[in-house]
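Working notes, structure below.
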Amino acid sequence: MAQSATELFDTFPKLLRRNAAVRGAKTAFRHKDLGIWQSWTWAEVYDAVRAYAVGLQSLGLQRGDKIAIVGANRPRLYWSMMAAQMIGAVPVPVYSDAIADELAYVLDHAEVSFAAVQDQEQVDKLLSVTERVPKLRTLLYDWGRGLRDYDHSHLHAIEAVIATGRVRLSEGPDVGAALDAEIDAGSGDELSIILYTSGTTGRSKGVMLSAGRSIAAATDTVAFDRLGDEDEVLAYLPLAWVGDHYLNFAQGLVAGFCTACPESADTAQADLKEIGPTFYFAPPRVFENLLTRVMIRMEDASPLKRRMFHRSIAVAKRWGEKILNGEDVPLLARASYRLGNLLVYAPLKNALGFSKVRTAYTAGEAIGPELFSFYRSLGMNLKQLYGQTEAFLYVTAQPDGQSRADTVGPPSPHVEIRIEEGTGEVLYRSPGQFIGYYKDEEKTQETMTADGFVRTGDAGFFEAGTGHLKIIDRAKDVSRLRSGDLFAPKYIENRLKFYPNIKEVVAFGQGEDFVTVFVNIDLTAVGNWAERNNVVYGSYQELAQHPQIYDIIAGHVSEVNALLAAEPMMAAAQIKRFLILHKELDADDGELTRTQKVRRGFV
């Protein structure tokens, strides 16, 4: 019986070898360095990764060893994952902004022996925790600035390791043949990577993913969104987050598209415009920040431009989504929309870097209906997905033409979902689901059901008629007020966060007489308002405590309360008191995770 493509290419090194063979001349990676874009083809990447893998073997990395990957999105850090997987080692990406304690915990728990890092900052951070990570023996770095005078007995430049591998491969065919045997020996059932969760509810857990399942999941979504080797993405998401490993690494190897790495986080928006990706993902806060900047700039435009902008946006709001969904629209409305596209929508999308985007996704938090509709009305195919690290991202995804702000779509291809009776918890079984938690069988058993479904910890329900899933809140966070009425904090928080002036919210009410919320203002949006209204301030703290800001937030709270009052299940959970915090919640202070989710228990 003939093998399926997934069975033939059941590991990422096998996919890399295939891409080098069938699309070797196509661009695989780009990286902007010192203002200049550099490119590598699939053939060049495969050649470099082979040499890198041999160089790692010469340093002692073996099948089953763990190698940490720490840094920003850079081609050689992606190649570090590929080279490790090529010889059966297991990459463990770590958030580059993790403080020393967080870093030490992950490296020690994962039993890391090698680490590939970006630069001196990460080298220094790892050297500071070596006593707490006894198995760590070798560090590799991509950018050597500032490292010349360091002890290089266990510190190596990635470029030098690749060069060593090239020399070994040139010495005779046996080295290359042995590497090919390693690639062939790789199995889809083997551990491919360990991704640590964000730790919203406690210590991060190491999610073990196999290559075969990961590739099966990516193959489904590549087909779902019709991705191919002509597509291009901008890789700016954290390497340690499942979103980057899935959307850029896994889908990139399956579809063969090009992954472009920005020069830095500070230049990502400008680099986005230069690259013009065709597939794009961003959490709601990124879309919110972009829109805030647009509206601030429009306030500085001439009266004529402001009128033209607002009139065109009004046309887009009325007809844009209907046109995008292929619905019937009057001829005059289509003509008005085309004129708006010529004068406003196309230039605006170009300024944001979205001109070529064919498919865009958002996830991680609820997105405001107006924000969601704004981008879709411009002709941008923005959709929502719902996923988890344990699922290897996708659990649900909105098909083209079925995008809405209040749902996360139907189950993704080959994903089964059921809602647990009594608790309303969402359970799923998916092609890419995890093997288990590293060194935590007890937690694995808690998360998995006897028939192979995974508990998400989220409460939700299927919408009648459409089959779309709606997420209410974390199941454990849904509770009751002292009166016995329903209290769903996330539901309340999201309603407030739809306002551009509000960056973060934490709601309290479990077992209490009424609901109280902590609020973080958005410094960009509120600061712009303050500038235009001659409100003088010297710091975030001073602005947050200004009486006029309290009046603005009080207005938002009143509007949300009116919405809650109209919903029978949530009417009793109206906000009675609120406090604007004097500081922004910060991951370094333990108040947020590295993926910017609130640690509710800590706060």
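If you're wondering where the values come from, they're calculated on a predicted model, not measured in any experiment. Here, residue 1 is the first one in the sequence, and each next residue gets the next number.
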Do you know the tightest heavy-atom contact between [X] and [Y]?
X	Y	answer
G71	L239	O-CD1, 3.5 Å
Y537	A530	CE2-CB, 3.8 Å
P284	A363	CD-O, 3.3 Å
L237	N73	O-ND2, 2.7 Å
T456	E425	N-OE2, 3.5 Å

Is it the case that [X] places NZ or CZ above or below the six-membered ring of [Y], under 6.0 angstrom from the centre and within 45 degrees of the axis?
X	Y	answer
K349	F354	no
R577	F514	no
R495	F498	no

So does [X] pair up with [Y], basic N to acidic O under 4.0 Å?
X	Y	result
R455	E420	yes
K383	D400	yes
E274	K32	yes
R358	D231	yes
R285	E288	no

Applying side-chain contact (heavy atoms from CB on, under 4.5 Å) to Y491 and M570, what does each step give before you reach the verdict?
CA-CA 9 Å; Y491 188 87; M570 297 296 297; 3.8 Å; yes

Quick one: [atom1] on [X] to [atom2] on [Y], what's the gap to the nearest 0.5 Å?
X	Y	atom1	atom2	answer
Y375	L291	OH	CG	5.0 Å
R318	S336	CZ	OG	10.0 Å
L343	L348	CG	CG	12.5 Å
L290	F374	CG	CZ	10.0 Å
T359	Q398	OG1	CD	12.5 Å
I521	Q545	CD1	CD	8.5 Å

Checking salt bridge (Lys or Arg N to Asp or Glu O under 4.0 Å) for the pair K497/D522: CA distance, chi angles, key distance, verdict?
CA-CA 10 Å; K497 286 165 66 176; D522 186 288; over 6 Å; no

Short side-chain donor-acceptor distance under 3.5 Å, [Y] and [X]:
X	Y	result
T447	E390	no
E463	T407	no
Q433	Y428	no
D458	Y386	yes
S264	D266	no
Y437	T197	no

Assess whether salt bridge (Lys or Arg N to Asp or Glu O under 4.0 Å) is satisfied between K490 and D477, documenting all intermediate values.
CA-CA 8 Å; K490 199 69 178 174; D477 290 336; over 6 Å; no

W241/F281 under ring pair (Phe, Tyr, Trp, His ring centres under 6.0 Å): CA gap, chis, key distance, verdict:
CA-CA 13 Å; W241 185 52; F281 175 92; 5.5 Å; yes

Answer yes or no: are there more than 12 heavy-atom neighbours, outside [X] itself, under 6.0 Å from its atom [atom1]?
X	atom1	answer
K470	NZ	yes
R338	CZ	no
E421	CD	no
K583	NZ	yes
E531	CD	no
K317	NZ	no

Take Q251 and T221, measure what side chain to side chain donor-acceptor pair (under 3.5 Å) needs, and give me the verdict at the end.
CA-CA 8 Å; Q251 287 195 149; T221 53; 2.8 Å; yes

Looking at side-chain heavy atoms only, is the closest gap between K576 and N561 below 4.5 Å?
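Not in contact.
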
Contact check, side chains of R376 and S403, non-hydrogen atoms, under 4.5 Å:
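R376 reaches S403 side chain to side chain.
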
How far apart are the C-alpha atoms of I549 and L543, what are their side-chain angles, what is the distance that settles it, and do they pass the side-chain contact (heavy atoms from CB on, under 4.5 Å) test?
CA-CA 7 Å; I549 305 304; L543 182 61; 4.1 Å; yes

Run the ring pair (Phe, Tyr, Trp, His ring centres under 6.0 Å) test on H582 and Y540 for me, step by step, so that the C-alpha distance in whole Å, both residues' side-chain angles and the decisive distance to 0.1 Å come before the verdict.
CA-CA 7 Å; H582 66 282; Y540 176 94; 8.7 Å; no

Take D225 and Y361 through the test side chain to side chain donor-acceptor pair (under 3.5 Å) and record every step on the way to the result.
CA-CA 11 Å; D225 286 314; Y361 278 104; 2.9 Å; yes

Could you go step by step and tell me if F518 and F578 meet the side-chain contact (heavy atoms from CB on, under 4.5 Å) rule?
CA-CA 6 Å; F518 286 170; F578 72 91; over 6 Å; no

Hey, mind stepping through F434 and L195 against side-chain contact (heavy atoms from CB on, under 4.5 Å) and telling me if it holds?
CA-CA 10 Å; F434 73 140; L195 296 174; over 6 Å; no

Between Y280 and F287, how do the two ring planes meet: parallel, tilted or perpendicular, split at 30° and 60°?
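Ring orientation of Y280 relative to F287: perpendicular.
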
